[in-house]
Participant: 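Take a look at this one; I'll ask things after.
Just so you know, ligand 1 is whichever comes first in the structure, and atom 1 is the first atom listed for that ligand.
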Amino acid sequence: MRRKLVVGNWKMHGSRPANAELLSALIGARPFAADVAVCVPAVFLTETAATLASTELRWGAQDVSPHEQGAYTGEISAGMLAECGCRYVITGHSERRAFHGESDLLVAQKAKAALARGVTPIVCVGETLAQREAGETEAVVKRQLSAVIHQLAHCASEIVVAYEPVWAIGTGRTATPEQAQAVHAILRAQLQAATGRGEAMKILYGGSVKPDNAATLFAQADIDGGLIGGASLKAADFIAICRAAA
Ligand code: 13P
């Protein structure tokens, strides 16, 4: 039985007072039956680490450089994230693919850099609405995941995968549990074929997960939890979603 994982992706939201309030509500709502983490803007990592250090809650970042160190102005290395105690880093979120032109190869290199420093990459894959309507969903997510598997070789079983259909992100339009499950099953089969450990790996669903749809999504055989955007910023909603993952 795979233990569920719920990760809040704060994106570019938050402020010191708001973060303190949100994290203290989360700390007070423990224990959870699932593993719970928050991926916060990098400037808040140190404070988040200090706040959560004495709890079992985990934290992480939203992006990482593929490089170890050097003259890369504005970038943050996996070693730095590790020093901040990050357990996770999101790589290849569709917003980074779309707004920062990240390629499948770059996403794979970032995932590799993270793993090399002991930070677990949460690798996001997902199709656009046009791709879904053109019947390309399976080909797109397999291509995105395959770039990472190829780059990581035998370490590929150490990643977490997040299926985030682009058309469901921030739109209030959730994939139905059946639609999500179908893609998760494809991804798990691909992971199993490539690593032999697919059955043990976590595949999260992301895209308009809310307290009222979380339980049905998480009840699907191959959905091991969620990557939560908007609802992770509201303490009551995020806590309800964490409780829905048992
Ligand atoms: P929403 O939950 O706001 O749709 O965002 C999902 C997401 O992008 C998480 O990474």
Participant: Let me check something: any side-chain donor-acceptor pairs from residues 237-245 under 3.5 Å, sequence neighbours excluded? List them with distances.
Facilitator:
unit_1, atom_1, unit_2, atom_2, d
R243, NH2, A29, O, 3.2

Participant: Does the side chain of H93 pick up a donor-acceptor pair with the side chain of E164 at under 3.5 Å?
Facilitator: yes
Participant: C39 and W59: side chain to side chain contact (heavy atoms under 4.5 Å, CB included), yes or no, with the steps?
Facilitator: CA-CA 6 Å; C39 287; W59 56 94; over 6 Å; no
Participant: Using the side chain to side chain contact (heavy atoms under 4.5 Å, CB included) criterion, which residues pair with E158? Sequence neighbours excluded.
Facilitator: L115, C155
Participant: Under 4.5 Å between side-chain heavy atoms, chaining through other members, with only Ile, Leu, Val, Met, Phe, Trp and Tyr counted: pull out the rest of the cluster around L227, sorted by chain and number.
Facilitator: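 ILVMFWY cluster around L227 also holds L5, V7, Y88, I90, I122, V160, L204.
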Participant: If you count only heavy atoms, which residues are under 4.0 Å from ligand 1?
Facilitator: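 These residues qualify: N9, K11, H93, E164, A168, I169, G170, G207, S208, L227, G229, G230.
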Participant: Which heavy atom of S232 sits nearest to which heavy atom of I228, and what is that distance?
Facilitator: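 Closest pair (atom of S232, atom of I228, distance): OG-O, 3.2 Å.
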